[in-house]
Amino acid sequence: MIRILFLGDIVGEPGRSAVIKTVPILREERQIDFFIANGENAAGGRGITPKIAIDLLRCGIAVITTGDHVWDQRDLAAWLPTEPRVLRPANYPAGAPGAGSIVLETAKGRVGVLNLQGRTFMQPILENPFRVADEEVERLRAETPVIFVDMHCETTSEKIAMGRHLDGRVSALVGTHTHVQTADERIFPGGTAFLCDAGMCGPEESILGRQIEPIVTRFQNNLPLAFPVARGRVRLCGMQVDVEAATGRALAVERFMRMVEL
């Protein structure tokens, strides 16, 4: 059995500090074999820098996934091809820097990770993720039956549809992007663990990790404002899944949440 813990969208300095502080503890407490985290909001709430990515990898994150903010920090594009453990969505057109999937060796066998981005209410509109998923999963399954998918997407329907589409072909699929953890964790009939959204790793007293007042004001007057990352106690959210290494079938799934004082 391989135990995987996925951490939802890391928001700014509070989120990444809490993750770096807590991952080594979680490894021992929960006997985690493999950590994955979505890091696309780790740099001030928009994108990720090479330095931040390296800090997260050093703390024990095995693979960092991203999404629609992947290119927000200008120095990432040139660096991304040098670090295969940091993924961008696989359904970017051919020629985009970096890769959308990876297979890594662990003490208990190989683990594949696939990063996809949905298209409904998302910008930019990328290649069809369902077609790309078929191609990527077939290629990954030639190396390992243990495959974890981050579906970075706005709508619940598109996330659920992808989970159903890949049921029995991947070990787990979790949604990211909305920063709000859902309560629909389950294992589909084919053996794929699913959670519609992992939630975020960011300040609890916030709106999606940002300071409350500017967001409320923006909804009131529609005027452009800065949305600074909030401070204070951090809520770490994600999904833990136990996978049968020989078959890739999920054996157990649970939502993960922990409060962290910084």
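Both backbone and side-chain heavy atoms feed into the values below; hydrogens, waters and symmetry mates do not.
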With a 3.5 Å distance limit and no angle check, can you tell me whether [X] reaches the backbone of [Y] through a side-chain donor-acceptor pair?
{"X": "Gln181", "Y": "Arg255", "value": "no"}
{"X": "Gln211", "Y": "Glu213", "value": "no"}
{"X": "Thr144", "Y": "Arg141", "value": "no"}
{"X": "Asn38", "Y": "Glu40", "value": "yes"}
{"X": "Arg210", "Y": "Gly45", "value": "yes"}
{"X": "Thr192", "Y": "Phe188", "value": "no"}

Please report the shortest heavy-atom distance between [X] and [Y], naming the atom on each side.
{"X": "Pro203", "Y": "Arg231", "answer": "CB-O, 3.7 Å"}
{"X": "Pro214", "Y": "Pro228", "answer": "CG-CD, 4.2 Å"}
{"X": "His179", "Y": "Asp197", "answer": "N-OD1, 3.8 Å"}
{"X": "Gly191", "Y": "Asp167", "answer": "N-OD1, 3.4 Å"}
{"X": "Arg16", "Y": "Ile10", "answer": "N-CG2, 3.3 Å"}
{"X": "Ile187", "Y": "Ala252", "answer": "CD1-N, 3.8 Å"}

What's the verdict on side chain to side chain donor-acceptor pair (under 3.5 Å) for Arg30 and Gln240, showing C-alpha distance, side-chain angles and the deciding distance?
CA-CA 9 Å; Arg30 290 179 166 250; Gln240 179 178 306; 2.7 Å; yes
Answer whether the closest heavy-atom distance between the side chains of [X] and [Y] falls below 4.5 Å.
{"X": "Met259", "Y": "Glu204", "value": "yes"}
{"X": "Leu116", "Y": "Val132", "value": "yes"}
{"X": "Phe6", "Y": "Leu195", "value": "no"}
{"X": "Val23", "Y": "Leu7", "value": "yes"}
{"X": "Leu251", "Y": "Val243", "value": "no"}
{"X": "Val170", "Y": "Leu114", "value": "no"}
{"X": "Pro97", "Y": "Arg88", "value": "no"}
{"X": "Glu185", "Y": "Glu254", "value": "no"}

Working note: Leu5 + Leu26, criterion side chain to side chain contact (heavy atoms under 4.5 Å, CB included); need CA distance, chi angles, decisive distance, verdict.
CA-CA 9 Å; Leu5 181 61; Leu26 295 175; 3.8 Å; yes
Residues Leu56, Val19; criterion side chain to side chain contact (heavy atoms under 4.5 Å, CB included); working and verdict:
CA-CA 8 Å; Leu56 291 171; Val19 167; 4.1 Å; yes
Pair [X]-[Y], side-chain donor/acceptor within less than 3.5 Å:
{"X": "Glu136", "Y": "Ser101", "answer": "yes"}
{"X": "Glu154", "Y": "Thr120", "answer": "no"}
{"X": "His152", "Y": "Asn115", "answer": "no"}
{"X": "Asp33", "Y": "Thr106", "answer": "no"}
{"X": "Asn128", "Y": "Asn91", "answer": "no"}
{"X": "Gln73", "Y": "Arg46", "answer": "no"}
{"X": "Asp134", "Y": "His165", "answer": "yes"}

Atom pair [atom1] ([X]) and [atom2] ([Y]), whose distance is rounded to the nearest 0.5 Å:
{"X": "Asp9", "Y": "Thr178", "atom1": "CG", "atom2": "OG1", "answer": "7.5 Å"}
{"X": "Arg249", "Y": "Ser171", "atom1": "CZ", "atom2": "OG", "answer": "10.0 Å"}
{"X": "Ile61", "Y": "Ile36", "atom1": "CD1", "atom2": "CD1", "answer": "9.0 Å"}
{"X": "Ile54", "Y": "Cys59", "atom1": "CD1", "atom2": "SG", "answer": "13.0 Å"}
{"X": "Glu127", "Y": "Gln117", "atom1": "CD", "atom2": "CD", "answer": "12.0 Å"}
{"X": "Arg110", "Y": "Glu143", "atom1": "CZ", "atom2": "CD", "answer": "5.5 Å"}

Could you check whether atom CG of Leu104 has more than 12 heavy atoms from other residues, nucleotides or ligands sitting under 6.0 Å from it?
yes
Atom NZ of residue position Lys51 - does it have more than 12 heavy atoms of other residues, nucleotides or ligands inside 6.0 Å?
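It does not: Lys51 NZ has 12 such atoms or fewer within range.
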Out of curiosity, does [Y] fall in the hydrophobic cluster containing [X] (side-chain heavy atoms, cut-off under 4.5 Å, transitive links)?
{"X": "Phe34", "Y": "Leu140", "value": "no"}
{"X": "Trp79", "Y": "Ile52", "value": "yes"}
{"X": "Ile4", "Y": "Val113", "value": "yes"}
{"X": "Leu236", "Y": "Ile20", "value": "yes"}
{"X": "Leu208", "Y": "Val229", "value": "no"}

Trace of the salt bridge (charged side-chain N to carboxylate O under 4.0 Å, His left out) decision for Arg258 with Glu29
CA-CA 13 Å; Arg258 175 169 297 195; Glu29 285 185 0; 2.7 Å; yes
Between His69 and Asp72, is a side chain to side chain contact (heavy atoms under 4.5 Å, CB included) present by the stated rule, with each step listed?
CA-CA 5 Å; His69 291 298; Asp72 284 5; 2.7 Å; yes
Cation-pi check for Phe35 against Arg27: NZ or CZ below 6.0 Å from the six-membered ring centre and within 45 degrees of the axis, yes or no?
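No, Arg27 and Phe35 do not form such a contact.
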Steps toward side chain to side chain contact (heavy atoms under 4.5 Å, CB included) verdict (His177, Met151):
CA-CA 9 Å; His177 181 64; Met151 180 65 173; over 6 Å; no
Taking Phe194 as the fixed residue, which of Ile160, Val241, Val253, Val174 is the one that meets the side chain to side chain contact (heavy atoms under 4.5 Å, CB included) rule?
Ile160
